[in-house]
Amino acid sequence: MSANIEISLKKTSIFYDQFKAVESVDLDIASQEVTAFIGPSGCGKSTVLRSLNRMNDLIPGTRIEGEITFRGMNIYADQVDPVEVRRHIGMVFQKPNPFPKSIYENIAWGARINGYHGDMDELVETSLQQAALWGEVKDKLKQSALRLSGGQQQRLCIARAIAIKPQIILMDEPASALDPISTQKIEDLISELKQNYTIIIVTHNMQQAARVSDKTAFFLVNDNRSGYLVEFGPTDELFFNPKKKETEDYISGRFG
Ligand SMILES: Nc1ncnc2c1ncn2[C@@H]1O[C@H](COP(=O)(O)OP(=O)(O)OP(=O)(O)O)[C@@H](O)[C@H]1O
């Protein structure tokens with residue numbers, strides 16, 4: 001049985017004003033898998049990632065051509081509310097960015113403004129448990145989130161994203177600001193979370209992509225400085241039996 005396609009890009013180009021940052025990407029992302037975006041700096045990984053939940057809308061001058069669908073719905077159609085898109089497709093950033101509020105409120109606040117009326121204590125606990133943070137914070141939920149370590153803050157941000165009950169979590173280099181032990185915790189967490197969520201991760205770290213992802217998309221920059229998708233497929237194949245010479249060169253460190 002073929003995997004369910006959660007997000008599909010069809011001939012998607014992304015512009016910053018006149019500059020075409022990403023050129024004509026075709027990509028199908030399957031549900032409950034981890035998909036990694038890799039490639040050299042400036043090849044458009046973050047730009048593509050941000051386009052998947054309309055985060056790019058917040059950058060003036062951004063425009064897309066082509067189509068991006070989530071479960072068959074064009075997320076850029078006129079009647080679609082970007083806030084609603086972001087409820088289904090959450091995001092975790094490179095630098096942990098908890099609110100300057102208590103650990104509890106970091107989870108509860110977003111859920112509340114998204115209309116959650118259920119048992120808040122339960123939501124906070126289950127979200128923190130899913131983010132593998134509950135044991136470390138359960139006795140200090142009223143403490144400021146800013147007093148947590150960087151790695152704990154990042155897991156709190158993941159818990160905050162989970163609390164909105166998205167189907168997809170986008171992660172833009174979620175561990176690059178963290179030490180190796182915290183990085184491992186995030187990687188372990190990603191492997192856990194894929195049982196319930198579709199995850200797309202941008203990473204500079206190829207070993208990390210190899211460790212955590214099921215599929216990998218490799219991007220490069222063309223002569224016009226536009227990013228394009230070189231190769232996409234199962235991570236093992238892309239790393240050990242790439243179809244394109246460019247992929248092989250990059251994976252084996254011969255690129256550039
Ligand atoms: N807000 C912006 N305004 C104008 N150009 C931008 C903006 N953000 C990114 N770009 C340009 O778009 C291209 C793709 O950038 P992007 O950040 O998506 O690449 P990346 O592969 O994620 O890079 P890195 O690995 O360094 O984070 C680059 O040429 C970059 O300079």
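Remember, it's 1-based here, ligands and their atoms both numbered in the order they're listed. Quick caveat: nothing in here was measured; it's all calculated off a predicted structure.
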Asker: Considering heavy atoms of the protein only, find what lies nearest to atom 9 (C) of ligand 1 and give residue, atom and distance to 0.1 Å.
Answerer: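 Sorting protein heavy atoms by distance from atom 9 (C) of ligand 1 puts Y16 CE1, 3.5 Å first.
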Asker: For ligand 1, which atoms have a heavy atom of I59 less than 4.0 angstrom away?
Answerer: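 Numbered from 1, ligand 1 contributes 1 (N).
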Asker: Which residue owns the protein heavy atom closest to atom 30 (C) of ligand 1, what's the atom, and how far is it?
Answerer: F19 CE2, 4.7 Å
Asker: Salt bridge or not for D188 and K185, using N-O below 4.0 Å?
Answerer: no
Asker: Assess whether side chain to side chain donor-acceptor pair (under 3.5 Å) is satisfied between Q195 and Q32, documenting all intermediate values.
Answerer: CA-CA 6 Å; Q195 291 170 31; Q32 284 168 280; over 6 Å; no
Asker: Can you find an N/O atom of A21 closer than 3.5 Å to an N/O atom of ligand 1?
Answerer: no
Asker: Looking only at distances, can you tell me whether any N or O atom of G44, backbone or side chain, sits closer than 3.5 Å to an N or O atom of ligand 1?
Answerer: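 So ligand 1 has an N or O lying under 3.5 Å from an N or O of G44.
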Asker: Considering only the protein, which heavy-atom contact is closest to atom 18 (O) of ligand 1, and what is its distance?
Answerer: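 Atom 18 (O) of ligand 1 sits closest to the protein heavy atom T47 OG1, 2.5 Å.
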Asker: Answer yes if a protein heavy atom lies under 4.0 Å from atom 4 (C) of ligand 1, otherwise answer no.
Answerer: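 So atom 4 (C) of ligand 1 has protein heavy-atom neighbours under 4.0 Å.
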Asker: Taking the cut-offs as 6.0 angstrom to the six-membered ring centre and 45 degrees off its axis, would you call R160 and F99 a cation-pi pair?
Answerer: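 Judged by the rule, R160 and F99 form a cation-pi pair.
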Asker: Hey, does C157 have a side-chain heavy atom less than 4.5 Å from the side chain of P98?
Answerer: yes
Asker: Below 4.0 Å from ligand 1: does a non-hydrogen atom of G42 turn up there or not?
Answerer: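 For ligand 1, residue contact (heavy atoms, under 4.0 Å) with G42 is present.
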Asker: Using a strict 4.0 Å cut-off to heavy atoms of R225, name the atoms of ligand 1 that fall inside it.
Answerer: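 Per the distance check, 29 (O).
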Asker: For ligand 1, note which part of F219 has a heavy atom under 4.0 Å away: side chain, backbone, both or neither.
Answerer: neither
Asker: Is it true that C43 lies under 4.0 Å from ligand 1, counting heavy atoms only?
Answerer: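 Yes.
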